[in-house]
Amino acid sequence: MFNNLSKNLIKLINKIKNNKINNDKNIKLILEKIRLILIESDVVLKVVDIFVKKIKIKFKKYKKYKDLNLNKILINIIKKELINILDYKNNNINLPNQKKSVILLIGLQGVGKTTTALKLSKLIKNKYKKKILLVSTDVYRPAAISQLCKLALKNNISFLKYNNKKDPIYITKSSLKKFKKSNYDILIIDTPGISYHNKKIEFEIKNIYNITKPIETLLILDSMMGQSSIKIPKFLEKILKITGIFLTKVDSDTKGGVALSVCSIMKKPIKFIGTGEHINNIEKFYPDRIVSRILGIGDLKSLMEEVKNKIDQEKSNKIINKIKYGLNFDLNDFLEQIQYIKNIGGIKSIIDKLPFLKNKKKFNEKQFSNIKNIINSMNKRERSKPNIINCSRIRRISLGSGTTEKDVINVIDQFNYMNNMMKKIKGNNIKEIFKNLKNILPNNIKNLF
Ligand SMILES: Nc1nc2c(ncn2[C@@H]2O[C@H](COP(=O)(O)OP(=O)(O)O)[C@@H](O)[C@H]2O)c(=O)[nH]1
Ligand SMILES: [Mg+2]
């Protein structure tokens with residue numbers, strides 16, 4: 001996440017740790033370096049200035065106490081100020097208990113509104129236990145509505161489909177009427193992409209807003225778009241009241257500037273982030289956890305929550321018991337584990353949160369799906385007794401899975417390695433196992449990343 005910003009800040013913090021900061025010249029140089037790092041990361045200049053000034057003022061208070069650990073204090077001030085610029089009042093989603101409510105998603109074209117509509121529907125349905133109805137008013141993008149309908153059905157999300165209707169206002173009024181009569185709690189509305197000079201869409205968005213009176217109007221911002229994406233809200237705010245921001249594509253190689261600027265500039269909280277294209281790649285936004293990730297401290301708290309939410313506890317207990325009681329951990333279990341990781345949102349989202357895994361860049365999600373194909377091409381006996389897999393079986397499995405024989409041998413090696421490591425893990429629950437992840441993912445498995 002925010003690789004460049006993260007790399008430069010970690011470098012700077014190590015420098016602060018290892019050097020004496022006992023004179024004004026030193027401090028001035030450090031502040032100048034912070035300034036440059038933030039500007040390079042595309043943070044809005046006004047925000048950079050405020051940030052550097054705050055660090056300077058806060059540090060001044062401690063400077064005179066020469067016997068304090070000034071290095072540590074400065075690092076803490078930087079961390080706290082980073083959290084502060086990402087924190088703007090309440091970043092919880094507003095979901096009143098009794099009332100039926102509408103959530104409206106708005107933003108430029110291509111920023112991820114439709115993807116977000118699905119992610120949010122699934123999250124609110126599963127985590128907040130609300131009955132969700134989804135509708136799309138995007139009559140302009142060819143096949144947008146039917147595409148969303150298919151995905152919603154696949155994920156068990158109720159979708160109101162308006163075929164061949166060309167009027168977003170008609171869809172809004174009609175869906176609102178149906179929603180009010182129904183037993184659904186929340187209506188989530190996906191909208192057409194706004195563009196700078198399209199008065200027609202601007203007018204329609206304004207009308208959709210006035211008709212539905214949403215409890216949440218989330219502005220979807222693409223973190224890849226840089227500073228230009230923060231300019232658009234200015235004209236939007238003349239026609240409606242934005243209640244929060246959903247920042248998408250933070251998994252991509254973004255500079256981080258949008259995230260660090262948007263709260264101060266817009267005076268709105270970031271409520272969620274999108275961390276990939278998969279429907280599960282959505283996270284509630286916690287400024288302190290993001291800063292921990294940026295500064296390379298890791299974010300095990302978020303990882304644990306995802307594991308708890310998305311893992312099938314019964315199945316994971318079965319595996320834990322197998323390990324605990326020395327039963328045979330076979331390739332079926334290995335496959336299930338891979339499935340868990342996929343459910344959590346892919347290995348990339350895990351690696352991003354682990355502080356101790358270096359070489360994060362080298363990971364390869366394709367290799368990961370290869371493992372699944374290889375195990376799927378094995379028969380039942382081979383999966384439960386991998387040691388019977390001989391050369392001719394390897395050939396058959398490689399042909400069946402569309403991989404090379406070397407790939408198949410690698411998977412068996414990785415499995416054997418993991419199996420041995422698993423036996424060494426102490427712990428009764430998935431929480432402890434994840435704490436020990438550092439031990440079960442060394443050398444051989446690292447080849448996957
Ligand atoms: N990597 C990544 N891609 C995303 C994310 N959110 C959306 N996308 C992709 O962005 C593209 C545009 O998304 P879409 O939802 O159609 O945008 P819309 O035009 O605003 O509705 C699609 O290829 C999505 O898969 C995200 O959080 N991470
Ligand atoms: Mg769309």
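Counting starts at 1 for both ligands and their atoms, following the listed order.
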Please determine whether side-chain contact (heavy atoms from CB on, under 4.5 Å) holds for the pair Leu221 and Leu108, giving the CA-CA distance in whole Å, both sets of side-chain angles, and the decisive distance to 0.1 Å. CA-CA 8 Å; Leu221 282 185; Leu108 294 175; over 6 Å; no
Close aromatic pair by centroid cut-off 6.0 Å: Phe285 and Phe272: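 Distance test on ring centres: not under 6.0 Å, no.
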Which is closest to [atom] in terms of heavy atoms, [options]?
atom                    : options                        : answer
atom 16 (O) of ligand 1 : Lys113, Met224, Arg141, Gln147 : Arg141
atom 25 (O) of ligand 1 : His278, Gln109, Glu277         : Glu277
atom 21 (O) of ligand 1 : Leu105, Asp251, Thr116, Thr114 : Thr114

Within the stated cut-off of 2.8 Å, is an N/O/S atom of Gln109 closer than that to the Mg ion (ligand 2)?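 False for Gln109.
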Please tell me whether [X] and [Y] have a donor and an acceptor in their side chains that are separated by less than 3.5 angstrom.
X      : Y      : result
Lys122 : Asn156 : no
Gln147 : Arg141 : yes
Asn207 : Glu204 : no
Lys166 : Tyr140 : no

Report the nearest protein non-hydrogen atom to atom 11 (C) of ligand 1: residue, atom name, distance rounded to 0.1 Å. Lys249 NZ, 4.1 Å
Which residue holds the protein heavy atom closest to atom 26 (C) of ligand 1, what is that atom called, and what is the gap in Å? Gly276 O, 3.2 Å
Tell me, please: is [X] in heavy-atom contact with ligand 1, that is, under 4.0 Å?
X      : result
Thr275 : yes
Gly193 : no
Gly107 : no

Relative to the heavy atoms of Gly274, which atoms of ligand 1 are at a distance of less than 4.0 Å?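 Near Gly274, the atoms of ligand 1 are 27 (O).
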If we number the atoms of ligand 1 from 1 as shown, the ones under 4.0 Å from a heavy atom of Gly110 are 12 (C), 17 (O), 18 (P), 19 (O), 20 (O)
Taking 4.0 angstrom as the limit, do Glu237 and Lys268 come out as a salt bridge? yes
With a 4.0 Å cut-off on N to O distance, would you call Glu216 and Lys271 a salt bridge? yes
So is Gly112 polar-close to ligand 1, meaning N/O to N/O under 3.5 Å? yes
Taking non-hydrogen atoms only, is Thr115 closer than 4.0 angstrom to ligand 1 via side chain, backbone, both or neither? both
Between Asn198 (side chain only) and Ser195 (backbone N and O only), is there a donor and an acceptor less than 3.5 Å apart?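 Such a contact is absent between Asn198 side chain and Ser195 backbone.
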